[in-house]
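Note that these values count all heavy atoms, side chains included, but never hydrogens, waters or copies made by symmetry. The chains referred to below are lettered A, B, ... by the order of the sequence lines, with proteins before strands, and numbering in each begins at 1.
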2 protein chains.
Amino acid sequence: MARPSRKAERTEEVLDAYERCVARYGVEGTTLERIAEQAGLTRTLIRHYVGNKDALLDALVERFARRSKHDSAVLFESLPEKDRIRTLVDWLFDPGLSNTRSIRVAGALITAAKDYPRLARRMRDWTFEFVGLLEQELATAYPHKPKDDILAVAAGIAGIYFNVDSLESLGRMSGLRRASKEAALTLAESLG
Amino acid sequence: MARPSRKAERTEEVLDAYERCVARYGVEGTTLERIAEQAGLTRTLIRHYVGNKDALLDALVERFARRSKHDSAVLFESLPEKDRIRTLVDWLFDPGLSNTRSIRVAGALITAAKDYPRLARRMRDWTFEFVGLLEQELATAYPHKPKDDILAVAAGIAGIYFNVDSLESLGRMSGLRRASKEAALTLAESLG
DNA sequence: ATGTATATTGTCAATATTGAAAATCTATTT
DNA sequence: AAATAGATTTTCAATATTGACAATATACAT
């Protein structure tokens, strides 16, 4: 019975802005002023909608974990019956398809993890969950291969993927990106 | 004809401390206070020996570039005649041998590169120089392989290497490290 | 139109960070 | 011992950042 709340949308906007800042300046380098500038809001509004710095980080990490889980679930479920690995690698390495910012945010969160033990656990889980999904996919495609080989290839593809998105900010990385994709495919095919 | 200068050593100590901070808090998250605390000096001494924040970053980047070049030159020159690739992979992925902090510093500098165009160029050069050395080594070991294949493998190994050191701060990464090393070897052997 | 819950803006205090210079201390040379 | 170059400490000013609360404006229900 009063003015309608914009808390939900505003919170998303604030977290979007926060994410952009974190991807660029890191967790420790992000100030409320910068977030406010990015979001086109005032610092006091940031505080009003989400809270202080700690609350902001909690909210960001929460959303990041939820989204990651959802996104990779959707991705792996949407793979076709044929050429699943190939399609997956396309999605991971083709510019435009891959979500570079998520990986950059993950990198920043991992860097900050030393000062936030809960965050360290979360990012470890995040890493191993992604590698685990890759393993699962590879194990289905190559059922006769030993687990160790599958894990090695999954870890390799994940590493190449994380790395190439981290380097993206340097610009002129299309050549390296293509080569990285080739490497990921070579790794996958080494199982066949 | 006066008190002897400690500028040289002190500068190294300050840059060491700065490096530790950058690896942990990122470029934008590092304050002079933190550096001073890490170095066991006062903030004003930091300023006395190296200068203000910009001068510090310049000095750090300068030293990082110089050291990287030197270290990788030494590394590649020290490889034995036989099993060069194998030895190289051991060096890159065995804990204790590899220099994890350098990679973390590089990651932080890459993240900050958007705000420092010169830095972006430097880190691009750094990346491609390392990949280039790998290519050269692989080309010598597998002289009949096309350049594209060599580049793909070099990019893959470099990516896996950078990534595994970035994840190190999360702890309990020995399993993933072993798997990553396996992947790097698999990639190299794919050329044979 | 009126009440009310929320949005929005404004203000203040406390602390952190940086920059710069002056003052003092110390080791070496002569 | 005196002079001197450099190390170290001290001090001050300016700005940035954060936290918290007060005041005002606005949209909706009744």
Side-chain angles (χ1 to χ4, degrees), chain A residues 1-62 108-109 111-112 114-116 119, chain B residues 1-62 108-109 111-112 114-116 119:
Chain A
M1 47 169 143
R3 185 170 184 173
S5 175
R6 297 191 192 167
K7 185 157 186 166
E9 330 140 42
R10 290 297 203 207
T11 297
E12 291 302 301
E13 291 172 21
V14 168
L15 292 183
D16 286 344
Y18 189 20
E19 246 188 32
R20 285 194 293 274
C21 291
V22 163
R24 183 154 187 164
Y25 305 111
V27 172
E28 305 288 337
T30 296
T31 66
L32 292 181
E33 295 290 353
R34 281 212 241 248
I35 302 174
E37 185 192 343
Q38 271 292 322
L41 299 173
T42 63
R43 184 173 61 80
T44 46
L45 279 179
I46 307 285
R47 173 181 158 73
H48 175 67
Y49 284 115
V50 188
N52 65 13
K53 237 183 170 184
D54 286 341
L56 272 165
L57 185 58
D58 282 350
L60 183 71
V61 171
E62 203 59 44
L109 293 179
T111 297
K114 278 220 166 183
D115 296 296
Y116 304 89
L119 183 52
Chain B
M1 46 168 141
R3 185 171 184 173
S5 175
R6 298 192 191 164
K7 185 156 186 162
E9 331 139 41
R10 289 299 203 204
T11 298
E12 291 302 302
E13 291 172 21
V14 167
L15 292 184
D16 286 345
Y18 189 21
E19 246 188 34
R20 285 194 293 275
C21 290
V22 163
R24 182 153 186 163
Y25 305 110
V27 172
E28 305 288 337
T30 296
T31 67
L32 291 182
E33 295 289 353
R34 280 211 242 250
I35 302 174
E37 185 192 343
Q38 272 291 322
L41 299 174
T42 62
R43 183 174 61 80
T44 46
L45 278 179
I46 306 284
R47 174 181 157 74
H48 174 68
Y49 285 116
V50 189
N52 65 12
K53 237 182 170 185
D54 286 341
L56 273 166
L57 185 58
D58 282 348
L60 182 71
V61 170
E62 205 56 47
L109 293 178
T111 297
K114 277 221 165 179
D115 296 296
Y116 304 89
L119 184 51

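- Taking only side-chain nitrogens and oxygens, A/His48 comes nearer than 4.0 Å to OP1 or OP2 of C/dA7.
- With a 4.5 Å cut-off on side-chain heavy atoms, B/Glu12 and B/Glu9 do not count as touching.
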Scan nucleotides 12-23 of chain C nucleotide by nucleotide, 5' to 3', and note B when protein non-hydrogen atoms come under 4.0 Å of the base, S if they reach only the sugar-phosphate, - if neither. -----SBBBB--
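- In plain terms, the two heavy atoms of A/Val50 and A/Ala59 that are nearest each other are CG1-CB, 4.1 Å.
- Residue A/Ile35 contributes atom CD1, which lies 12 Å from atom C1' of D/dT18 at whole-angstrom precision.
- Of all the heavy atoms in B/Tyr25 and B/Arg34, the pair that sits closest is CE1-CD, 3.3 Å.
- The nearest whole Å value for the distance from the CG atom in B/Leu45 to the P atom in D/dA7 is 9 Å.
- Within the structure, a side-chain polar atom (N or O) of B/Tyr49 is placed less than 4.0 Å from OP1 or OP2 of D/dT8.
- A side chain to side chain contact (heavy atoms under 4.5 Å, CB included) with B/Gln38 is found for exactly one of B/Arg20, B/Arg24, B/Glu33, namely B/Arg20.
- Atom CD1 in A/Ile46 sits about 16 Å away from atom P in D/dA20, given to the nearest Å.
- A/Ile35 and A/Ala17 make their closest contact through O-CB, 3.7 Å (heavy atoms, listed as atom of the first residue, atom of the second, distance).
- Taking 4.5 Å as the limit, every side-chain heavy atom of A/Val14 sits out of range of all side-chain heavy atoms of A/Leu45.
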